[in-house]
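Just below is one structure, and these are the notes that go with it.
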Amino acid sequence: MNARDRYEQLKAEIRQHNELYYEKATPEISDQQYDELYRELVDLEEKHPDWVTPDSPTQEVGGAPSSSFETVTHRIPMMSLSNTYSEDEVREWHERLDREVGTTGHLRYTCEPKVDGIAVTLRYEQGRFTLGATRGDGREGEDITVNLRTVKDLPSTLKQGPWSGETIEVRGEAYMTLDGFGALNESREEAGLEPFANPRNSTAGSLKLLDSSEVAKRPIHVWAYELHAEGDWAGTLHSERLKALKQMGFAVVDWDFASDGDAIQRYWSKLEGQRNSLPYEIDGIVVKVDDLRLREELGTTAKAPRWAMAYKFKAQRAVTTLNAITQQVGRTGAVTPVAELEPVKLAGSTIRRSTLHNADEIRRLGLGPGMKVVLEKAGDVIPKVIARAEGEPEGHYEPPTECPVCGEELVQPEGEVIRRCINISCPAMLRGRLVHFASRGAMDIEGLGEKTVDLLLEHIEVTDEGQGSLLLDEEARTITDPGDIYSLTHEQVLALPGFAEISAKNLLDAIEASKKQDLARVLFALGIRMVGAGVARTLARHFQTLDNLQETAKTPEKLVEIDEVGPKIAESIGEFFALDRNLAFIEKLRRAGVNFGSEEEISEVGHQPLEGKTVVLTGSLEGWTRDDLSAKLRSFGANVTGSVSKKTDFVIVGEAAGSKLAKAEKLGVRVILEDELNELLPKWEAGEEA
Ligand code: IVH
């Protein structure tokens, strides 16, 4: 490939990784790999300055803001940092700065941990927290004030001080502790949700939740590391400002001074040594010129200040043999290739297996059994095969067409890279299905968590007595789907290790009680791919009975006519009801007496007071969480959407509403304040039309 082609390829590749990192929060490569690509791009641009286009990733910062939050323009742009992994480069950088500003060996820096989270900016006016936003593309970010208000590290009112009358802007890093992250993922898995890949993604995802009461439950913290202020009290040193931030009531990073390359290197080594024992993740240090006047003198490039440098830790790597590529079936039936590795030590643990994600990834890396591969562990990310090392693969990798566990033919939805097993009785999926079925958001069977599910799978044999010919086996067998829990007997539960009279009775009572759950929960509990709790509720309301849905699912095109149901969801529902095993599962539920009807609000057209109305919520309401109010409005027939347009019928406005309110006013859309809402709700409740 010639240099010019490589240049174009690099730009496209980096752009794609930017999107994955900043907008989707699902990076596919490590920071170090990213930085290597980036460095190659910079080198090419230095050699060929005439190639550089304004859309080159070197000319822009980060990703564009995503759409669900209101956009704010930063008063002071949020730049990123130049970075390096090399001691020599840090020393060169220091010497260059020292020469440029003429400090002759006396330039002073602060050294701070580079916390691996997401950057936020916080505005305080007259001592009160008024605006919190993400970095976005550096110029514009997203207004996540309501969510940041839930973070305990952030004072809602500053402690008294000379700053009290002014407007200040604080920059910091939102992050999650490793403990908090672990606990959050555990409860996600318990609830049948995909775990987050790492604390950084988990923080990014949490701060962009639409329901701030949910954000409040997330273990998010913020370290403050920069202060922008005008007053004389703010002084001319960054180190003084860090102290001021502490006095104001912020949590401030643990920093130190350094005045030369040796001192910077010592701080870096000290933190690298602490890296694996800190309660949160750091990926390097940030070195900053302390004197703010010198900062001004040094200025910035298009992307980053010249007065600061991120000096990052190297990702930990190891080389080992790829012995085989096997397949693993996940809870949702996703079949993913796994690298079976010659055991190797990496970052304190022995690595034997590692996911290879999908066939495209294997092709991209050119992997096959018998060759040596490079493994990398970046931060808390699970070690990953990132490249081939040496040797040739033995043969060509062919992705499986059948489920390696149950033999069912796999499906690969168009446009997706993952193949799936859609056999609900597949043993590999069974455990997850059971846990999901019983989980809080689904059938809510108390006492039937992961541990009990494992006991059931290990010890229980069910008979198909009285269950009819729909079932595949006539003889005693182990549990094959969640429907089997309804035929558990007291004796069987009592015989499980750790169970006694009362606990057995409690479990069976909880199972019995779950039969009364609404269809919305039953549909969610079935575990149909892409049918989350929200879609399940919509389907329950629309169809009222499982039979109605099942009938319509024979022609998935008809499902698409329902709001919120796109072609992919429709196809997934169609596939689910087309499979005999799934029908057998449903039949078991029916025979057990599980409720297949819905009490979700009346669906007859005309009876719903907000039928056909489009409503937008903005700002925070005192008496409601967004989710609850949305559900309520939907139950009246309203279509609750995220952005104001001419089609919007009314906007319900809470405190700190921003651009959506302005837009509603501009378009002449009806605005309803909380007081008025409280008067209207009982009327709607009584069926009065809006
Ligand atoms: S200062 C203009 N200090 O690293 C300088 N950033 O790769 C603004 N970060 O966007 C950043 N710890 O999200 C600074 N002690 C620290 C930091 C820090 C983490 C993050 C921040 C920034 C990114 C740059």
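Counting starts at 1 for both ligands and their atoms, in listed order. Sequential numbering from 1 along the given sequence is applied to the chain's residues.
Ring-plane geometry between W163 and W233 is classed as perpendicular, the angle between the planes exceeding 60 degrees on a 0 to 90 degree scale with a lower cut at 30.
Not less than 6.0 angstrom separates the ring centroid of Y225 from the ring centroid of W255.
Not a single heavy atom of V253 sits under 4.0 Å from any atom of ligand 1. For A308, the heavy-atom gap to ligand 1 stays at 4.0 angstrom or more.
The nearest protein atom to atom 3 (N) of ligand 1, hydrogens excluded, is given as K288 NZ, 3.0 Å; this is a heavy-atom distance. Looking from atom 11 (C) of ligand 1 to the surrounding protein, the closest heavy atom is Y225 CE1, 3.8 Å. At the shortest separation from atom 12 (N) of ligand 1 among protein heavy atoms lies V115 N, 3.3 Å. Looking only at heavy atoms of the protein, atom 20 (C) of ligand 1 is closest to E173 OE1, 3.3 Å.
Salt-bridge formation is detected for the pair E89/R39: a Lys NZ or Arg NE/NH1/NH2 atom is positioned less than 4.0 Å from an Asp or Glu carboxylate oxygen.
In summary, the atoms of ligand 1 found under 4.0 Å from a heavy atom of P305, numbered by their order in the structure, are 2 (C). Atoms of ligand 1 found under 4.0 Å from any heavy atom of R135, numbered from 1 in the order shown, are 10 (O).
Interatomic distance, CG of L356 versus CD of E361, reported as 7.0 Å (0.5 Å rounding).
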side-chain contact (heavy atoms from CB on, under 4.5 Å) evaluation trace for W51 with R4
CA-CA 8 Å; W51 290 358; R4 185 64 199 242; 3.1 Å; yes
- Task: Could you please spell out the steps behind the ring-ring contact (aromatic ring centres under 6.0 Å, His included) verdict for Y280 and H221?
- Result: CA-CA 10 Å; Y280 47 84; H221 298 264; 8.7 Å; no
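At a 3.5 angstrom cut-off on N or O pairs, S80 does not count as close to ligand 1. Close N/O approach between P113 and ligand 1 is found [any backbone or side-chain N/O within under 3.5 Å]. Here's the thing with M79: none of its N/O atoms is less than 3.5 angstrom from an N/O atom of ligand 1.
A heavy-atom distance below 4.5 Å is not found between the side chains of K270 and Q265.
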